[in-house]
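Only one structure is covered here, and it is reproduced in the block below.
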Amino acid sequence: MTDVSGDTHGVYGITVAAELTGLGEQTLRLYERKGLLTPARTAGGARRYSDRDLTVLRRTVELLADGLNLAGARRVLDLEAANALLRLRLAELTD
DNA sequence: CTTCTAACA
DNA sequence: TGTTAGCA
């Protein structure tokens with residue numbers, strides 16, 4: 001897709017993503033296994049984190065600090081994503 | 001870089 | 001339950 005907003009495939013390796021978020025690499029893999037995010041993969045199977053993924057990770061840190069567990073954070077993340085989509089559709093109707 | 005196992009709070 | 005260390 002034509003990616004004007006740009007944050008969808010900003011590419012970082014897991015080491016960089018861990019540094020940028022203050023999380024451990026193992027933790028990032030756990031979050032993926034729990035379904036909090038799904039980073040892209042290289043041909044060799046290495047994770048590729050976009051700026052979008054980093055935003056999700058920072059959100060996750062915030063939600064965990066608020067006392068949610070990973071399952072709860074996952075649900076909030078899903079709802080926020082769905083909400084953002086609805087907002088876009090609403091904007092199309094109101095402009 | 002990956003997955004997996006085990007230990008700990 | 002979530003994180004971390006070590007191994008293959």
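Protein chains get the first letters and strands the later ones, always in sequence-line order, with residue 1 at the start of each.
First and last contacts of DNA chain C with chain A, using any nucleotide atom under 4.0 Å from a protein heavy atom and ordered 5' to 3', fall at dT1(C) to dG6(C). Between chain A and DNA chain B, the heavy-atom contact criterion of under 4.0 Å yields a 5' to 3' nucleotide range of dC1(B) to dC4(B).
Through direct or indirect side-chain contacts shorter than 4.5 Å among Ile, Leu, Val, Met, Phe, Trp and Tyr, Leu88(A) is connected to no other residue. Using a 4.5 Å cut-off between side-chain heavy atoms of Ile, Leu, Val, Met, Phe, Trp and Tyr, Val76(A) falls into a hydrophobic cluster with Tyr12(A), Ile14(A), Val16(A), Leu20(A), Leu23(A), Leu28(A), Leu30(A), Tyr31(A), Leu36(A), Leu37(A), Tyr49(A), Leu54(A), Val56(A), Leu57(A), Val61(A), Leu63(A), Leu64(A), Leu68(A), Leu70(A), Leu77(A).
Looking at residues two or more places apart in sequence or on another chain, you find a side-chain hydrogen bond (donor to acceptor under 3.5 Å, both in side chains) between Arg41(A) and Glu32(A). Qualifying side-chain hydrogen bond (donor to acceptor under 3.5 Å, both in side chains) partners for Thr21(A), counting only residues two or more places apart in sequence or in other chains: none.
Residues in residues 60-69 of chain A take part in these side chain to side chain donor-acceptor pair (under 3.5 Å) pairs, two or more places apart or across chains: Arg59(A)-Glu62(A). Screening residues 9-29 of chain A for salt bridge (charged side-chain N to carboxylate O under 4.0 Å, His left out) gives no qualifying pairs among residues at least two apart or on separate chains. Pairs of residues two or more places apart, or lying in two chains, never qualify as salt bridge (charged side-chain N to carboxylate O under 4.0 Å, His left out) while including a residue from residues 82-93 of chain A.
Using a 4.0 Å cutoff on non-hydrogen atoms, the parts of residues 45-73 of chain A near DNA chain B are Gly45(A), Ala46(A), Arg47(A), ordered by number. Proximity of residues 13-32 of chain A to DNA chain B (heavy atom under 4.0 angstrom from any strand atom) is restricted to Ile14(A), Thr15(A), Gln26(A), Arg29(A).
Taking a 6.0 Å sphere around CZ of Arg52(A), one finds it holds 12 or fewer heavy atoms contributed by other residues, nucleotides or ligands.
Nearest heavy atoms, Ala18(A) versus Gly24(A): CB-C, 4.2 Å. The heavy-atom pair separating Gly35(A) from Arg74(A) by the smallest distance is O-CG, 3.5 Å.
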The dot-bracket string of DNA chain B, counting Watson-Crick and G-U wobble pairs with both distances under 3.5 Å, using [ ] for crossing pairs and | for pairs to another strand, is .|.||||||

